[in-house]
There are 2 protein chains.
Amino acid sequence: MPELPFTLDQLRILKAIAAQGSFKKAADLLYVTQPAVSLQIQNLEKQLEITIFDRGGRKALLTEAGRLLLEYCERILNQCDEACKAIEDLNSLKGGTLIIGASQTTGTYLMPRMIGLFRQKYPDVSVQLQVHSTRRTGWSVANGQIDLAIIGGQLPGDLENLLQVIPYATDQLALVLPAKHPLSNKKELLKEDLYKLNFVSLDSQSTTRKVVDKLLRDSGLDIQRLKIEMELNSLEAIKNAVQSGLGASFLPVVSIERELESGTIHKACIADLEVKRELKLITNPSRYTSRASDAFKKNILPQFASLESPLRQI
Amino acid sequence: MPELPFTLDQLRILKAIAAQGSFKKAADLLYVTQPAVSLQIQNLEKQLEITIFDRGGRKALLTEAGRLLLEYCERILNQCDEACKAIEDLNSLKGGTLIIGASQTTGTYLMPRMIGLFRQKYPDVSVQLQVHSTRRTGWSVANGQIDLAIIGGQLPGDLENLLQVIPYATDQLALVLPAKHPLSNKKELLKEDLYKLNFVSLDSQSTTRKVVDKLLRDSGLDIQRLKIEMELNSLEAIKNAVQSGLGASFLPVVSIERELESGTIHKACIADLEVKRELKLITNPSRYTSRASDAFKKNILPQFASLESPLRQI
DNA sequence: TCGTTTGAATAATTTAAATTTATGGAGACT
DNA sequence: AGTCTCCATAAATTTAAATTATTCAAACGA
């Protein structure tokens, strides 16, 4: 090892002696014996080829070189203390950054509440939310750019077993109609009724759209026969379109809570068809888990998790 | 020893890994084996209770805590480097301060030339000249406030054997007369002639005055009979007084070189009377000798020392 | 002036820590 | 799959640092 001319311990000893004016007192202060102090200072003096203390008189006095060294010594030790504090803060969740990934839906309607709760509990941890596609989110988790993420779609196969995927909650989707739509009076629609509707749907690339299409297909519907009036890439835009009577859509119920309350949108029920998907928490088990990430997982997520979610069992 | 959470070596390793992106390369860079690096980082992580590196992928990536620590790490190591440089500079006489003591006479007429030479040789060492009485200078050397001093008088007895006193040079004193004084024509004065003169002398507290008085007394003169026109505490003031014809004085020849050349002052010779004193270098052998002080003693003083001085024999 | 005390240096031993050699395992590139 | 690279681990060696005990020197009090 190509050596450094001194060690932090030596600097600490130097500082103590300078402060106490005595080798012995410094030794007591540092809970070591006096020879230990003497030897370390001797080593230091040998290494630097200087004399640090004038041992002549009643108390140990700094030489010019000693004073010079002490100045740097203080600065260095201060930096060390600061570093320790910063690390401690990080450990105790004061400071640090948590990066969360989410898809459109969860990012827009779920995350804000969860992040709000988190920030309330850990006000010194800053949180960053990245809304991307399920695919991109998955990759970000895989290579550590995102600490954890909640997704509502299917991961690419290769990521599926690289990441830890924990069922988290059920995202209920609903068919929504304009408030004054003729069919909004019926208690329950039939699947066939869907063919009579004009749809304002998410663009075909979106995860939610894919999920909905799959569900409908699985329930025996021919999605080609559905009339799609227009495709938009924003849930908010779709909500507005539906409210304006432009058509129907499948939307997450979490995204239309306010509209249902005010009655500007109508939520329909369909016989023998439940449109829902599993939201999943994904993390990268082979990567370092930050304390903030851990705290989020343990203390925040369970409060929003469905009863069946493993997160509840912790 | 109440421990610090990390060592400088660990920080050096951390920095190297961060820079190289690999434990192995860092090990090579630091001329150690790879396990040494691994273990040190493990110790560091254990101590700080954090994970510093993500060892998952192809290269070692810093975690958030790692990045935080690295920042401090860089700052600390930079300070260390700076400290080393400063000490090196001090060792090689680039930087540092030399504090020299002197009495009026040497301080005014000798030191400027010596210091000039010193500064020429060691331009990076700043020099401080303190002109005080012999007594005070002696004490300052004793307690380390002054590195070395040149005095022309007698030290208090207790300091005499505490300090190292080296004969350095002879300070020739001369009786000086106004240029147009009647006695300035005579080739050589007699001791008795002194009684005919009016003197402008140094004040009776000054070392030079005491030395002169003692010499005159030793040569059989009755100094009470000498007519002292006035006492001044500045050599320059006395020179001006003499030039103005106010009286005679005993002055160091080094202080009147210019006046002799221009003929504005006359230097008289006195039969059977040589007025001179020994200038002595004093240092404190029991104290740390700075490099600058050593250089001054070895390289500057000899050039101004008398042939008999021990300083010449080095 | 002489003990007496206090603080620092030294020596020898013990203890602890860091480094090395050797080896095992996991991921990456061909 | 096979090889290569890189990191972790284990055991042994070496190196360094701490401790106890002692000596030495300077300061202080009587």
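Heavy-atom basis, side chains included; hydrogens, waters and symmetry copies ignored. A quick note: this is a predicted structure, and the numbers were derived from the prediction, not measured. In what follows, every chain begins at residue 1, and chains take the letters A, B, ... in the order their sequences are listed.
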Treating A:Asp89 as the side-chain partner and A:Gly96 as the backbone partner, does any N or O pair qualify as donor plus acceptor under 3.5 Å?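 It does not hold such a pair.
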Report yes if at least one side-chain N or O of [X] is closer than 4.0 Å to OP1 or OP2 of [N]; otherwise report no.
{"X": "B:Gln34", "N": "D:dT5", "value": "no"}
{"X": "A:Ser38", "N": "C:dA9", "value": "yes"}
{"X": "A:Gln40", "N": "D:dA16", "value": "no"}
{"X": "B:Gln42", "N": "D:dT9", "value": "yes"}
{"X": "A:Thr33", "N": "D:dT20", "value": "no"}

By nearest atom, which of the nucleotides [options] is closest to the [X] side chain?
{"X": "B:Arg55", "options": "D:dA18, C:dT10, D:dC7", "answer": "D:dC7"}
{"X": "B:Ala36", "options": "C:dT19, D:dA8, C:dA8", "answer": "C:dT19"}
{"X": "B:Ser22", "options": "D:dC7, C:dT19, C:dA9", "answer": "D:dC7"}
{"X": "B:Phe23", "options": "C:dA8, D:dA8, C:dT20", "answer": "D:dA8"}

Quick one about [Y] and [X] (side-chain donor to acceptor, distance below 3.5 Å, no hydrogens or angles considered), yes or no?
{"X": "A:Thr208", "Y": "A:Arg277", "result": "yes"}
{"X": "A:Thr134", "Y": "A:Thr137", "result": "no"}
{"X": "B:Gln164", "Y": "B:Thr283", "result": "yes"}

Rounded to whole angstrom units, what separation is found between the [atom1] atom of [X] and the [atom2] atom of [N]?
{"X": "B:Asp54", "N": "C:dA26", "atom1": "CG", "atom2": "P", "result": "18 Å"}
{"X": "A:Leu61", "N": "D:dA27", "atom1": "CG", "atom2": "P", "result": "12 Å"}
{"X": "B:Lys24", "N": "C:dA28", "atom1": "NZ", "atom2": "P", "result": "19 Å"}
{"X": "A:Leu4", "N": "D:dA16", "atom1": "CG", "atom2": "C1'", "result": "16 Å"}
{"X": "B:Asp9", "N": "D:dA17", "atom1": "CG", "atom2": "C1'", "result": "14 Å"}
{"X": "A:Asn43", "N": "C:dT10", "atom1": "CG", "atom2": "C1'", "result": "14 Å"}
{"X": "B:Ile52", "N": "D:dA8", "atom1": "CD1", "atom2": "P", "result": "12 Å"}
{"X": "A:Gln20", "N": "C:dG7", "atom1": "CD", "atom2": "P", "result": "12 Å"}

Does NZ or CZ of A:Arg55 lie under 6.0 Å from the centre of the six-membered ring of A:Phe53, at an angle within 45° of the ring axis?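 Judged by the rule (NZ or CZ under 6.0 Å from the ring centre, within 45° of its axis), A:Arg55 is not positioned above A:Phe53.
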Where each residue is assigned the nucleotide of DNA chain C containing its nearest heavy atom, which of B:Leu39 and B:Pro35 is assigned the position nearer the 5′ end?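 Result: B:Leu39.
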